[in-house]
Amino acid sequence: MPNSKKPDFSRAYSKANEILVKSSAIQTFPFSPKDLVKEQAPIVCRSFKKARKYGVDITAFGSESAIILSFQGKKIIFYDETKPDTHNRFSILHELEHEINGHDFSKKDEDTYHRYEVETNYFAAQLLMPEQILRECQNRGARINRFFLQTNFGVSAQAADKRIETLARTNVEWRSRAEKEFDDIILIKYADFLNRICPVRNTYDFEDEYIRQQERNSCF
């Protein structure tokens, strides 16, 4: 059983993988977090501007990016529309994970809050930049850097840098069977996207070609 004081990375990772496989709202990258929220939960997304229109005091939110609240009988993710789309995509998915995981914010202790934030960030990063796709790109010879992630996955520089740092510390061989359950399916589902951003290249060398030519010659 996971230590309740530490972030449950495995649960966040596995849940993100399940959504990547089953979601109709995610077919390529970048995708619309609002469409995913609508698909996954009875939640609507509204801007801070809309909150002001309805007389909601956004200064009381305690967040400069996004927050999920109950308002007039509905669950709403309020987000700051003045921030870049790359920022808001991450923030909205971060808030979605709070709801999916049933995070209890009545617990005010700092350790619990930190655990919630780390888990939700990990979940959002896996949805936006799936590890399986990035490692396959790396296997195909791609250099996974900030530019690659921003260009192909529509994320911020900060999110890209953090993703690179996280994957550098992660040994895929240590993942459990449950964590690897959807690996092949994810690669199959997003094969068109993967092949577009990182086409398969011939990797054989001159010696391989020489052997092939010798085999062809023996047929005559």
Side-chain angles (χ1 to χ4, degrees), residues 2-4 6-43 45 65-66 68 75 77 79 85-104 114-138 144 148-150 152-156 158-194 197:
N3 187 334
S4 61
K6 294 183 178 180
D8 190 349
F9 292 111
S10 179
R11 192 216 62 81
Y13 181 80
S14 296
K15 184 59 183 177
N17 285 341
E18 182 180 349
I19 291 174
L20 284 166
V21 167
K22 297 180 179 180
S23 174
S24 297
I26 310 176
Q27 297 296 328
T28 189
F29 301 90
F31 60 90
S32 168
K34 293 180 184 179
D35 288 346
L36 182 65
V37 168
K38 185 177 180 180
E39 175 190 72
Q40 294 293 316
I43 300 173
C45 297
S65 297
I68 184 167
K75 284 285 183 73
I77 294 176
Y79 64 94
D85 288 343
T86 53
H87 181 96
N88 284 328
R89 273 196 286 271
F90 194 100
S91 297
I92 289 170
L93 293 175
H94 175 106
E95 297 304 320
L96 173 64
E97 166 64 348
H98 281 313
E99 176 68 13
I100 288 175
N101 203 29
H103 287 160
D104 181 5
H114 174 73
R115 174 166 61 85
Y116 287 171
E117 291 300 289
V118 171
E119 288 175 356
T120 51
N121 284 340
Y122 199 76
F123 169 87
Q126 175 61 11
L127 281 180
L128 291 168
M129 301 166 279
E131 178 179 331
Q132 297 89 340
I133 293 177
L134 297 183
R135 294 201 185 280
E136 178 61 22
C137 286
Q138 199 169 44
I144 310 301
F148 182 88
L149 294 178
Q150 287 188 280
N152 295 303
F153 294 88
V155 296
S156 67
Q158 181 182 7
D161 290 346
K162 183 62 179 178
R163 192 63 172 150
I164 292 167
E165 176 189 338
T166 299
L167 293 181
R169 297 198 311 262
T170 304
N171 187 334
V172 69
E173 299 302 322
W174 295 346
R175 293 219 178 273
S176 67
R177 181 177 297 179
E179 289 173 317
K180 296 178 180 180
E181 179 182 2
F182 295 117
D183 285 3
D184 290 342
I185 304 175
I186 288 171
L187 293 179
I188 292 170
K189 178 177 178 181
Y190 302 105
D192 288 345
F193 169 76
L194 180 57
I197 67 169

How about [X] and [Y]: does a side-chain donor come under 3.5 Å of a side-chain acceptor?
X: E117; Y: H94; value: yes
X: S10; Y: E179; value: yes
X: N17; Y: Q126; value: yes
X: Q132; Y: D184; value: no
X: Y122; Y: K162; value: no

*Evaluate the criterion side-chain contact (heavy atoms from CB on, under 4.5 Å) for residue pair L194 and I133; output intermediate values, then yes/no.*
CA-CA 7 Å; L194 180 57; I133 293 177; 3.9 Å; yes
*Between H103, H98, E99, which is the residue that forms a side-chain contact (heavy atoms from CB on, under 4.5 Å) with N101?*
H103
So with a 6.0 Å cut-off around [atom1] of [X], is the heavy-atom count from everything else above 12?
X: R177; atom1: CZ; answer: no
X: K38; atom1: NZ; answer: no
X: Q158; atom1: CD; answer: no

*Are I144 and C137 close enough that some pair of their side-chain heavy atoms sits under 4.5 Å apart?*
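A side-chain contact under 4.5 Å exists here.
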*May I ask you to test the I19-I100 pair for a side-chain heavy-atom distance under 4.5 Å?*
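Of all side-chain heavy-atom pairs linking I100 with I19, at least one is under 4.5 Å.
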Once you round to the nearest 0.5 Å, how far does [atom1] of [X] lie from [atom2] of [Y]?
X: S14; Y: F9; atom1: OG; atom2: CZ; result: 13.0 Å
X: Q27; Y: D35; atom1: CD; atom2: CG; result: 11.0 Å
X: L20; Y: L36; atom1: CG; atom2: CG; result: 9.0 Å
X: I197; Y: D192; atom1: CD1; atom2: CG; result: 12.0 Å
X: I43; Y: I68; atom1: CD1; atom2: CD1; result: 3.5 Å
X: E136; Y: I186; atom1: CD; atom2: CD1; result: 12.5 Å

*Is R135 reaching over with its side chain to a backbone N or O of P130, donor-acceptor style, under 3.5 angstrom?*
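No, because the side chain of R135 does not come within donor-acceptor range (under 3.5 Å) of the backbone of P130.
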*According to the interplanar angle, ranging from 0 to 90°, do the rings of F148 and F153 count as parallel (below 30°), tilted (30 to 60°) or perpendicular (above 60°)?*
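Aromatic pair F148/F153 classed tilted.
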*Yes or no on side-chain contact (heavy atoms from CB on, under 4.5 Å) for Y190 and F29, after CA distance, side-chain angles and deciding distance?*
CA-CA 9 Å; Y190 302 105; F29 301 90; 3.6 Å; yes
Which atom names give the shortest non-hydrogen contact between [X] and [Y], and what distance separates them?
X: S24; Y: E39; result: N-OE2, 2.8 Å
X: L149; Y: L134; result: CD2-CD2, 3.6 Å
X: S65; Y: S91; result: CB-OG, 3.6 Å
X: E95; Y: A66; result: OE2-O, 3.2 Å
X: S156; Y: T86; result: N-CB, 3.6 Å
X: Q150; Y: A160; result: CG-CB, 4.4 Å

_Ring-face cation contact, F31 with R89, 6.0 Å cut, 45° max_ = no
*In plain terms, say whether E119 and R115 are close enough for a salt bridge, that is, a side-chain N and a carboxylate O under 4.0 Å apart.*
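So E119 pairs with R115 through a salt bridge.
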*Applying side-chain contact (heavy atoms from CB on, under 4.5 Å), run through L127 and E97 and close with a yes or a no.*
CA-CA 11 Å; L127 281 180; E97 166 64 348; over 6 Å; no
_Apply side-chain contact (heavy atoms from CB on, under 4.5 Å) to residues V21 and K189 and explain how you reach the verdict._
CA-CA 7 Å; V21 167; K189 178 177 178 181; 5.6 Å; no
*Evaluate the criterion salt bridge (Lys or Arg N to Asp or Glu O under 4.0 Å) for residue pair E131 and R175; output intermediate values, then yes/no.*
CA-CA 12 Å; E131 178 179 331; R175 293 219 178 273; 2.7 Å; yes
